[in-house]
Amino acid sequence: MMHEHPLLTQLNEKQRDAVSATGRHLLVLAGAGSGKTRVLVHRIAWLIQTQGVSPHSILAVTFTNKAAAEMRGRVEQLLGSSVRAMWMGTFHGLAHRLLRAHYMDVGLPQNFQILDSDDQQRLIKRMIRSLNLDEKRWPPKQAQWFINHKKDEGLRPHHLDGYDINERTFKEIYEAYQVACDRAGLVDFAELLLRAHELLRDNKAVREHYQRRFRHILVDEFQDTNTIQYSWIKLLSGVGQDQEYPSYVTIVGDDDQSIYGWRGARVENIQQFLQDYPQALTVRLEQNYRSTNTILTAANEVIANNQGRLGKELWTDGSIGEPIDLYVAYNEMDEARFIAGQIEQWHEQGNALQDVAVLYRSNAQSRVLEEALLHARIPYRIYGGLRFFDRQEVKDALAYLRLVASRQDDAAFERIINTPTRGIGDRTLGIIRDGGRERGVPLWDAAKQLVQEKILTGRAGNAVAAFTDLIDQLEDSMGDLPLGRQVDLAIKNSGLMAMYQAEKGDKAETRVENLQELVSACDNFNQLDDVILEDVSPLQAFLAHAALESGEEQAEEHQDAVQLMTLHSAKGLEFPLVFMCGVEEGLFPSQQSLTESGRLEEERRLCYVGMTRAMQKLVITYAESRRIYGQEKFSAVSRFVGEIPPNMLHHVRSQSRTSHHSHALGRFHTGASHEAFTQTGYSLGQRVRHSKFGEGTVINYEGSGPQSRVQVNFDAVGSKWLAVDYARLERC
DNA sequence: ACAGATAGCGTTTTT
DNA sequence: CGCTATCTGT
């Protein structure tokens, strides 16, 4: 028997099977918490270390930069060396890399720029206006969705027939938009994928080059791939192309965690994979290392209600754990208050706040939660706010850099021509736009020509000339300076910094700080870290970095804080204590999901994802009534709660409800002070002293006997829930 | 050019 | 209800 390789020893049997599979292709169906990333990382290390595979011939694809970074880090840790030759990144990052390397083959200028969705929407809106279409009838948002969706399906305008008026008009917008992008040297996110796909499809030499190079292709979160992404994998692997040496493809995914169907992801790609790659071996990872048995069984029961699953049942040899708490709140304020109270208790018991996550279906729910946490003085962090490179002031600064890097970049031109204001109003800009359209040239060229031909004269002409001079001079003075200095120069010479400095208020102050932070981001930007871009100027590399990684989780504050996020953004994370709130019909599952087919099952998968985030304890809450858009709505508990075996649910009693009235009025329990005294030994309104928190007033209680807790409003630190047995309160 | 009023809209998110 | 994008008036 073969001596077991050290890479395999810390793995379970199924994980080992997956890591060391030698067949041509492999599908790993990896349940939540089953060690998916671990398997992927170990497989790469195993290929390199034991199979003599060169890192140079490995391609690993993820969806997010975070996942890519983590994977690379862990592979390097396992191997004890850096593996720069390996291509590892997001679909978009890798497509971008291909386009930079072959810009000529795909008809792009060398300095093409990337358009983010914000820029894209502005541009589309411009197109709709210039086509003289009614924005009410043809909303830019819908046009954007249409265009991106078509691109995700691999479709160009000429592929569309346009039988009905809607399709015809959107096709027209798509066409105009694409012309504008091409003229301006702009590439949107979907275009990165589509162009790279066309490159591989249409250019035999390029295709075969990469097919020969990448012997092993590994794809993470495969259930999230859309049509073009999967096509891309097929092209690169050479499957069905009579390749002499088709690549080995490993895909990892979980059909039960497919929650991005609404943005074009196709779970069906997993089944399709089994057809397209018939020799593929399937390995199921079903042992869960994360959650208690109770949580797991409940989640299994819920997801079992979906049809057409590939089939997978998670198990654990861990403990049964506590039951799942269910709290029925009177309204969303009550719900939030309950959650804050529970978190306080958890914290009292010596647990970390960062181990707690509060998950919700929609971002709007965070507001009330924030208020409650603020009130209870519990630090929290919200995921998914505006990201650094998406901020207005940062985008302004980047637009200057983009225009320096590419005069064609109309999106950048539009953004900053009058920011800060330099006397170029809508009227002048309109003339430049018309000029550009008539001549079929970028706005920059149009502006210069119009000034030269004295069509733009006087104040407007001078202002436009001053602007173009500013950009030209900026480029001259930036020269070969370090990136940070270049940005600093751009921010200052353009007047952008002065503009924001002149503004008043906290907002403006943050903006100035963000501009300064942009300079330090440049100082810290190491092009070499970004293996993607070699033959590209530092400025160009940084701009691409900013566009493709607009995320970059804002500087991790090291404060111990509760995590607030949507169910979607919780995917891939885990927490000892998880609250799922707003679990009501109409909200979760969402109203819209009930009308469209297939959507309800996706909501159920979302519920499954949420539940399986919890390691020790899961608490589900819902509100009988909730204000939505200012209107009070009454809803029933979500059907998903009904799918959890009743014996695993523990109904938590309301802490402070004898009548609904007391909720409206505040936290004071009105009816039962005698009962409170007999059950907890304290009465409401009583003054007490705590060794750490000082003096305060008892304002609420819960439970009885050894489990009873009292809420004390401390004079110094505000209100806290305390376990009576632990806290050793002194009566005073 | 800019402040102030108002109409309109409103899952989920990455790149 | 609260945000934003657009409109209106100076």
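All chains are named by letter (A, B, ...) in the order of the sequence lines, taking the proteins before the strands, and each is independently numbered beginning at 1.
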Using the six-membered ring wherever Trp is involved, compare the ring planes of [X] and [Y] and label them parallel, tilted or perpendicular (cut-offs 30° and 60°).
X: Phe413(A); Y: Phe467(A); result: perpendicular
X: Phe588(A); Y: Phe640(A); result: perpendicular
X: Tyr230(A); Y: Phe222(A); result: perpendicular

C1' spacing across the pair dG2(C) / dT13(B), given as an integer number of angstrom: 22 Å
Under-4.0 Å side-chain N/O to phosphate OP1/OP2 contact, [X] with [N]:
X: Asn65(A); N: dT15(B); value: yes
X: Arg263(A); N: dT15(B); value: no
X: Lys125(A); N: dT6(C); value: yes
X: Arg367(A); N: dC3(C); value: yes
X: Thr421(A); N: dC2(B); value: yes
X: Asn363(A); N: dT11(B); value: no
X: Arg129(A); N: dT6(C); value: yes
X: Thr64(A); N: dT14(B); value: no

Rounded interatomic separation in angstrom, taking [atom1] from [X] and [atom2] from [N]:
X: Lys141(A); N: dG8(B); atom1: NZ; atom2: C1'; result: 12 Å
X: Lys151(A); N: dT14(B); atom1: NZ; atom2: C1'; result: 16 Å
X: Tyr629(A); N: dC1(C); atom1: OH; atom2: P; result: 15 Å
X: Phe588(A); N: dT12(B); atom1: CZ; atom2: P; result: 13 Å
X: Arg626(A); N: dT11(B); atom1: CZ; atom2: P; result: 14 Å
X: Glu371(A); N: dG2(C); atom1: CD; atom2: P; result: 9 Å
X: Leu115(A); N: dT14(B); atom1: CG; atom2: P; result: 18 Å
X: Gln631(A); N: dG10(B); atom1: CD; atom2: C1'; result: 13 Å

Proximal nucleotide (of dC1(C), dT15(B), dT12(B)) relative to the His92(A) side chain: dT15(B)
Proximity to the side chain of Ser593(A) - top-ranked nucleotide from dT12(B), dT11(B), dT15(B): dT11(B)
No-H, no-angle donor-acceptor pair, Ser117(A) side chain to dT15(B) base, under 3.5 Å: yes
Face-to-face stacking of Phe63(A) with dT15(B), centres under 5.5 angstrom, angle under 30°: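 The ring of Phe63(A) is not stacked on dT15(B).
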Position toward the 5' end of DNA chain B (nearest nucleotide), Ser362(A) or Gly425(A):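 It is Gly425(A), whose closest nucleotide lies nearer the 5' terminus.
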Closest-nucleotide 5' rank along DNA chain B - winner of Phe91(A) and Ile424(A): Ile424(A)
Gln120(A) vs Asn148(A), side chain to side chain donor-acceptor pair (under 3.5 Å): CA-CA, chis, key distance, verdict: CA-CA 10 Å; Gln120(A) 185 187 37; Asn148(A) 289 337; 2.8 Å; yes
For dT12(B), glycosidic torsion class - syn if within 90° of 0, otherwise anti: anti
Validation row: Leu606(A), Arg361(A) side chains within 4.5 angstrom (heavy atoms): yes
Sugar-phosphate only, base, or nothing, as touched by Ser590(A) at under 4.0 Å among non-hydrogen atoms: base
The single option from Glu332(A), Glu584(A), Glu632(A) passing salt bridge (Lys or Arg N to Asp or Glu O under 4.0 Å) against Arg626(A):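 With Arg626(A) as partner, Glu332(A), Glu584(A), Glu632(A) yield a single salt bridge (Lys or Arg N to Asp or Glu O under 4.0 Å), made by Glu584(A).
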